[in-house]
Amino acid sequence: MRALRSNVFLSEAPALACVLAISAIVFLSGAFQAGFLSDDFDLLARAGTASVWAPLERHHFSPLLTALFKLGSAGYLPAWKWRLIAWLAHAVNTVLVHRMARIGLRQSAPMALCLAFLFALNPAGYEALAWSSAIGYALVSVPIFIALNVALSGAFSRRAAWLLAGLQLAAYLAWDWGILLAPLAGAAAFMRGLSGRKPALGPVFSLMLPAGIVWVLGLAAKLLILPGMGYPAQPFWNILSLQHLAASPLVALLPNMTVHAYQSPGGMLAAACLLAALAWAAVRLPEARLLAVLFVLCQAPHVLFSAPQSRYFYLPSAFLYGIALLLFFKLPRPRFAALLAALLAASSLWWAMERSLLWRSAWQQAQMLRERILALPEAGSGLVIVNLPDSYGPEGLIWRPYVWRNGMPGIGRSFERVNTPGAPFTWEAGPVPVLPRDSIPARYPGAAIYEAVHSRQGSQVVFSLSRFEGADGSGRKHAFPAD
């Protein structure tokens, strides 16, 4: 086994370096250039006086992230350093995914390198790399992927058991999704018999016992420290939860489609066919069965407590890509299998580049609006901004970058926010009041009222700030046009 490990990394290191180089080029081309957005400003403002051991948000306990935000608040971590940390963690995770496939799952070099390439691009989970507030998902995946490599190595020693316990503690300190480490590692250790023979329960229990104790104590501490789990829990048989779970494979593999496409009859048929293919693979292929279990376990947090978000798919995308590749490489015609894998790789490269550039554009448009707001003349009766965007990107695209949803501290000027019904790029369920257009001037008498309006320049959405025009047509438009 040691000889295999040595040969793997010597012979495949150049190819793996090329994979990481392509990932870096995509990242540097767009998302790396983006600054802080939305919740980043809120968390930076809170972190200045917060204790590392206190929750920075009501439902998140992460000493590592709190420490990073404290450093950012003090000026030691500008946005580009956050992006660098995120990508370095991502590079480590990519190497670990390759090792897991090559050694833990005993797959061929082409399959392992293709999986590493897909994960390195990871368009579905790109938010974890591009947004400082989501960096925890990339960081916590490092101990999780190390734990999976340990669990799949077949080392049921006391040293391995204590290593898993230490990794579980590190994962808890990194981010909330550390709660997944012990269940994922336990499932991997139990199901590692790829020929159909499962290890005896005794060795698996001994291996996972220390990590299990840390897992229970960490969960108890979280429940005692935090006032809640974040979102109201919903039973997994709830129809909305089942819809989220059923749609997860499709949105993870094809993340740049529109909401309409997913909800169309064709989208629902595609989701059903994909689920059937995954189920067939899980029944027929032991390796796919293991990856399917890991993927489903990763869906539990958002199925029970939230809704699908890009950052939630950063970790489980590795398992889904693995199942897809296993299906491809089991086809009787190798050329057709290679063609399917190449199409998925090319699509992922295109989508990752789109996501990377979208985050850069979101930050650029956010900064443009900020400069316009700061340049507005002083208003004695107050300032009101209508339809300040909460998100940015093509209409209908899922998981658009957040812009000013929770980023008011980053603007540097006090004003009132209000939205109009059905305004694009706004979050109607959020805390900003939603009022009919004709009622806004009466609601804010004497105030200077401006509106964030958008236009299109080719495929790009561009914002500008204009005098608010009510339903009666009053108001002067384009006082501050886009550059």
Side-chain angles (χ1 to χ4, degrees), residues 1-13 16 89 91-109 111-113 115-116 119 139-174 177-218 285-298 315-316 318-319 321-323 326:
M1 181 63 74
R2 287 183 180 178
L4 172 61
R5 293 171 185 170
S6 176
N7 291 335
V8 163
F9 288 102
L10 284 176
S11 62
E12 297 170 26
L16 195 55
V92 172
N93 288 330
T94 301
V95 173
L96 292 170
V97 166
H98 173 266
R99 187 185 188 281
M100 179 182 70
R102 192 74 173 94
I103 297 175
L105 299 177
R106 303 168 195 169
Q107 296 301 304
S108 65
M111 190 275 189
L113 287 169
L115 177 57
F119 180 79
L139 296 176
V140 76
S141 295
V142 174
I144 289 177
F145 280 127
I146 295 175
L148 287 172
N149 275 277
V150 171
L152 291 170
S153 69
F156 291 91
S157 63
R158 183 177 299 179
R159 181 181 178 182
W162 286 109
L163 175 58
L164 288 176
L167 290 168
Q168 177 63 77
L169 178 60
Y172 266 141
L173 296 176
W177 273 45
I179 197 172
L180 291 172
L181 187 145
L184 293 175
F190 180 72
M191 300 178 68
R192 66 174 294 272
L194 302 182
S195 63
R197 247 180 67 190
K198 298 183 179 64
L201 286 176
V204 174
F205 180 81
S206 299
L207 176 70
M208 296 306 304
L209 180 60
I213 293 173
V214 175
W215 186 87
V216 171
L217 293 176
L285 306 173
E287 302 95 330
R289 189 179 311 135
L290 166 61
L291 294 174
V293 169
L294 299 182
F295 180 79
V296 171
L297 286 174
C298 288
L315 171 65
F319 312 132
Y321 287 138
I323 301 172
L326 285 170

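FYI, side chains are in, hydrogens and waters are out, and symmetry mates aren't considered; it's all heavy atoms of this structure.
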Q: Provide the closest heavy-atom pair for Ala101 versus Leu115 in the form atom of the first, atom of the second, distance.
A: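 So the minimum-distance heavy-atom pair works out to CB-CD2, 3.7 Å.
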
Q: At what distance, to the nearest 0.5 angstrom, does CD1 of Ile179 lie from CG of Leu184?
A: 11.0 Å

Q: Search all heavy atoms of Ala185 against all heavy atoms of Ala151 and return the closest pair with its distance.
A: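 Minimum heavy-atom contact is O-CB, 3.4 Å.
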
Q: Are the side chain of Gln168 and the backbone N or O of Trp215 linked by a donor-acceptor pair below 3.5 Å?
A: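 No, Gln168 side chain to Trp215 backbone: no donor-acceptor pair under 3.5 Å.
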
Q: Determine the minimum heavy-atom distance between Phe145 and Ala318, stating which atoms define it.
A: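 Heavy atoms of Phe145 and Ala318 come nearest at CZ-CB, 4.0 Å.
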
Q: By the definition side-chain contact (heavy atoms from CB on, under 4.5 Å), identify the one residue from Leu148, Asn93, Val97 that meets it with Ser141.
A: Asn93

Q: Can you tell me how far the CZ atom of Phe319 sits from the CG atom of Leu290, to the nearest 0.5 Å?
A: 8.5 Å

Q: What is the minimum heavy-atom distance between Leu181 and Ala171, and which atoms define it?
A: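 Nearest heavy atoms, Leu181 then Ala171: CD1-CB, 3.9 Å.
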
Q: With sequence neighbours excluded, tell me which residues meet side chain to side chain contact (heavy atoms under 4.5 Å, CB included) with Val293.
A: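 For Val293, the residues satisfying side chain to side chain contact (heavy atoms under 4.5 Å, CB included) (neighbours in sequence not counted) are Ala187, Met191, Leu297.
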
Q: Checking the side chain of Arg102 only, and the main-chain atoms of Ser108 only, is there a donor and an acceptor separated by less than 3.5 Å?
A: no

Q: Drop me the distance from Trp177's CH2 to Leu139's CG, to the nearest 0.5 angstrom.
A: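 Reported value, rounded in 0.5 Å steps: 14.5 Å.
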
Q: Nearest 0.5 Å, what's the CG-CG distance between Leu209 and Leu164?
A: 11.5 Å

Q: Give the minimum heavy-atom separation between Leu16 and Leu113, together with the two atoms involved.
A: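 That closest heavy-atom pairing would be N-CD2, 4.1 Å.
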
Q: Taking Glu287 for its side chain and Leu285 for its backbone only, find out whether a donor-acceptor pair lies under 3.5 Å.
A: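 Not at all, since once roles are kept as given, no pair shorter than 3.5 Å links the two residues.
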
Q: First locate atom CD1 of Ile103, then atom NE2 of His98, and finally report the distance between them rounded to the nearest 0.5 Å.
A: 8.5 Å

Q: Restricting to non-hydrogen atoms, name the atom on Leu152 and the atom on Ala188 that form the minimum distance, rounded to 0.1 Å.
A: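 The pair with the smallest heavy-atom distance is CD2-O, 3.7 Å.
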
Q: How many angstroms lie between CG in Leu315 and CZ in Phe119, if you round to the nearest 0.5 Å?
A: 7.0 Å

